[in-house]
Amino acid sequence: MTQSSTVNFDAQELAWDKQDNMIPAVVQNHLTGKVLMLGYMNKAAFEHTIATGKVTFFSRSKQRLWTKGETSGNTLDLIAIDKDCDNDSLLVQVIPNGPTCHTGSESCWPDGNAHPFIDNLTNLIISRKGQSADSSYTASLFERGTKRIAQKVGEEGLETALAAATHDKEELINEASDLMYHLIVLLEDQQLSMAEVNKNLMQRHIKSQ
């Protein structure tokens with residue numbers, strides 16, 4: 001496990017009797033918000049997950065505890081577990097080590113519905129890379145290169161600051177949106193991602209505690 005996990009309740013608080021001593025657990029990428037998979041935990045799997053920091057389920061096909069990635073190496077590092085208002089389902093926040101789905105995909109839900117909008121926007125931006133410059137504004141930015149993209153980030157950053165300084169909230173939202181868009185383009189130009197920025201922020205937060 002890369003960092004300490006947060007679980008503010010114990011197994012006794014969960015409504016195990018509702019579903020034959022099994023609790024559905026939705027797994028979500030802690031850095032991106034992307035929904036990765038659905039599994040089921042019994043008490044032993046729940047407690048093993050907390051004890052080891054590696055997400056573990058009860059495999060109904062194997063009829064035993066199954067730690068995700070035990071053969072593939074694509075484990076899920078536990079960050080936090082939350083229970084819902086009825087105590088009969090779990091939201092498991094993780095840092096994935098490789099693809100989660102057995103097909104090799106990042107998520108067991110491959111389309112955009114399982115992804116936050118910012119990820120869908122990022123994927124659209126990535127798809128524009130290498131296209132003809134006259135096909136879209138994004139493609140034209142990539143063709144003009146790093147210096148122009150970086151310049152746009154600087155310009156939008158200044159305009160965002162000016163909108164805040166003048167207390168123009170509507171303009172601040174517009175300029176902040178422009179800034180975020182151009183920043184994603186710049187990160188992609190440098191073969192980086194918002195997920196890496198999120199991870200860096202999380203690591204800084206952990207160190208500051």
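Positions are given from 1 along the sequence.
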Q. Would a line drawn from the ring center of F9 to the ring center of F46 be shorter than 6.0 Å?
A.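 Yes - the distance between ring centres of F9 and F46 falls below the 6.0 Å cut-off.
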Q. Checking side-chain contact (heavy atoms from CB on, under 4.5 Å) against P96, which of V27, L31, L36 comes through?
A.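 Exactly one pass, corresponding to L36.
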Q. Can you list the other members of the hydrophobic cluster that holds L141, where links are side-chain heavy atoms under 4.5 angstrom apart?
A.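 Its cluster mates, by chain and number, are F117, I118, L121, I125, Y137, F142, I149, V153, L179, M180, Y181, L183, I184, V185, L186, L187, L192, M194, V197, L201.
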Please report the closest heavy-atom contact between [X] and [Y], naming both atoms and the distance.
| X | Y | answer |
| --- | --- | --- |
| C101 | S107 | CB-O, 3.7 Å |
| N74 | K68 | O-NZ, 3.6 Å |
| I50 | I81 | CG1-CD1, 4.4 Å |
| S135 | A139 | OG-CB, 3.7 Å |
| A25 | V92 | CB-CG2, 3.9 Å |
| S140 | A133 | CB-O, 3.4 Å |

Measure the spacing between [atom1] of [X] and [atom2] of [Y] and express it to the nearest 0.5 Å.
| X | Y | atom1 | atom2 | answer |
| --- | --- | --- | --- | --- |
| Q151 | T146 | CD | OG1 | 12.5 Å |
| E143 | S132 | CD | OG | 7.0 Å |
| D82 | T6 | CG | OG1 | 8.5 Å |
| T138 | Q131 | OG1 | CD | 9.0 Å |
| T160 | N174 | OG1 | CG | 10.0 Å |

Side chain proximity check, [X] to [Y], heavy atoms < 4.5 angstrom:
| X | Y | result |
| --- | --- | --- |
| M37 | C108 | yes |
| L65 | F58 | yes |
| P24 | S89 | yes |
| H48 | M41 | no |
| R60 | M22 | yes |
| D119 | K34 | yes |
| D77 | V94 | no |
| K54 | T49 | no |

Q.
Evaluate E188 against T122 for side chain to side chain contact (heavy atoms under 4.5 Å, CB included), listing each step before the verdict.
A. CA-CA 8 Å; E188 174 55 31; T122 298; 5.5 Å; no
(Q) Is it the case that over 12 heavy atoms from other parts of the model lie below 6.0 angstrom from the CZ atom of R64? (A)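 Yes, enclosed.
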Q) With a cut-off of 6.0 Å (strictly less than), are more than 12 heavy atoms of other residues, nucleotides or ligands near CZ of R144? A)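 No.
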(Q) Let's go through T100 and L76 carefully: what are the C-alpha distance in whole Å and the side-chain angles of both, what is the deciding distance for side chain to side chain contact (heavy atoms under 4.5 Å, CB included) to 0.1 Å, and is it a yes or a no? (A) CA-CA 8 Å; T100 299; L76 300 170; 3.9 Å; yes
Q: Can you tell me which residue pairs pass the salt bridge (charged side-chain N to carboxylate O under 4.0 Å, His left out) test with a partner in residues 161-178, sequence neighbours excluded?
A: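 Every candidate salt bridge (charged side-chain N to carboxylate O under 4.0 Å, His left out) pair involving residues 161-178 fails, so no pair, neighbours aside, qualifies.
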Q.
Show me the pairs that pass salt bridge (charged side-chain N to carboxylate O under 4.0 Å, His left out) and involve residues 7-23, at least two apart or across chains.
A.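 Non-adjacent pairs meeting salt bridge (charged side-chain N to carboxylate O under 4.0 Å, His left out): E13-K83, K18-D88.
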Q.
One thing to verify: whether K199 and E196 come together as a salt bridge, which I'm taking to mean a side-chain N less than 4.0 angstrom from a carboxylate O.
A.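 Salt bridge between E196 and K199, a charged N being under 4.0 Å from a carboxylate O: no.
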Q) Would K152 and E156 pass as an ion pair if we require N to O under 4.0 Å? A)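 Judged by the 4.0 Å cut-off on N to carboxylate O distance, K152 and E156 do form a salt bridge.
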Q) With distance as the sole test, does W66 use its side chain to make a donor-acceptor pair with the main-chain N or O of S61 at under 3.5 Å? A)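 No, because the side chain of W66 does not come within donor-acceptor range (under 3.5 Å) of the backbone of S61.
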(Q) Please tell me whether L172 and L162 are part of a single hydrophobic cluster in this structure, the criterion being side-chain heavy atoms less than 4.5 Å apart. (A)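 No, separate clusters.
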Q. Does the side chain of S105 come under 3.5 Å of the side chain of T103 through a donor N or O and an acceptor N or O?
A.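 Present: a donor and an acceptor within the cut-off.
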Q: May I have the step-by-step check of side chain to side chain contact (heavy atoms under 4.5 Å, CB included) for E106 and N29, ending in yes or no?
A: CA-CA 10 Å; E106 181 181 6; N29 188 317; 4.1 Å; yes
Q: Please lay out, stage by stage, how R148 and E155 fare under the test salt bridge (Lys or Arg N to Asp or Glu O under 4.0 Å).
A: CA-CA 10 Å; R148 178 54 181 160; E155 291 173 0; 3.7 Å; yes
